[in-house]
Amino acid sequence: MLVLITYDVNTETPAGKKRLRQISKQCVNYGQRVQNSVFECLLDPAQCRFLKDKLCKIMDPQKDSLRFYYLGKKYESKIEHFGCKSTYIPEDTLMI
């Protein structure tokens with residue numbers, strides 16, 4: 001299933017900057033960054049639960065925010081893209 005993960009981390013302190021790096025690093029391991037704090041992740045249910053638990057342990061619930069949008073398996077019809085950045089297909093091979 002495709003999951004859109006967004007986050008907002010308070011970076012006023014060094015601890016906040018560290019949390020931001022840690023959350024970003026975990027999201028990069030599971031998906032593609034589509035905007036600064038937005039990732040599209042193609043996950044199975046177990047991976048999704050694991051990643052959600054990991055991110056919730058990193059964040060500070062008093063200062064930070066995480067959002068998970070579950071777009072499901074038929075996500076192609078739920079996404080429209082406009083603008084200069086090219087889009088990608090999560091199920092295709094990604095060359096780095």
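Side chains included, hydrogens not; waters and symmetry mates left out as well; all remaining heavy atoms used.
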*List the atom of G31, the atom of C41, and the distance in Å for their closest heavy-atom pair.*
CA-SG, 3.7 Å
*Which residue pairs pass the salt bridge (charged side-chain N to carboxylate O under 4.0 Å, His left out) test with at least one member in residues 12-27, sequence neighbours excluded?*
R19-D64
*Donor-acceptor contact present, side-chain R33 to main-chain N36, <3.5 Å*: yes
*Which atom names give the shortest non-hydrogen contact between C48 and M1, and what distance separates them?*
CB-CE, 4.0 Å
*Once you round to the nearest 0.5 Å, how far does CZ of F39 lie from CD1 of I5?*
8.5 Å
*How far apart are the C-alpha atoms of L20 and Y7, what are their side-chain angles, what is the distance that settles it, and do they pass the side chain to side chain contact (heavy atoms under 4.5 Å, CB included) test?*
CA-CA 9 Å; L20 177 66; Y7 54 88; 3.5 Å; yes
*Got L66 and T6 here, is their nearest side-chain heavy-atom distance under 4.5 Å?*
no
*Ring geometry between F50 and Y30 (parallel below 30°, tilted from 30 to 60°, perpendicular above 60°)*: tilted
Between side-chain atoms of residues 54-61 and protein atoms elsewhere (two or more places apart, or another chain), which donor-acceptor pairs fall under 3.5 Å?
{"unit_1": "K54", "atom_1": "NZ", "unit_2": "Q26", "atom_2": "OE1", "d": "3.3"}
{"unit_1": "D60", "atom_1": "OD1", "unit_2": "Q62", "atom_2": "N", "d": "2.9"}

_Distance check, rounded to the nearest 0.5 Å: L4 atom CG versus Q35 atom CD?_
9.0 Å
_Go through it in stages, so that I can follow the logic: the residues are L51 and L43, the test is side chain to side chain contact (heavy atoms under 4.5 Å, CB included), and I'd like the CA-CA distance, side-chain angles, deciding distance and then a yes or no._
CA-CA 9 Å; L51 180 57; L43 306 169; 4.2 Å; yes
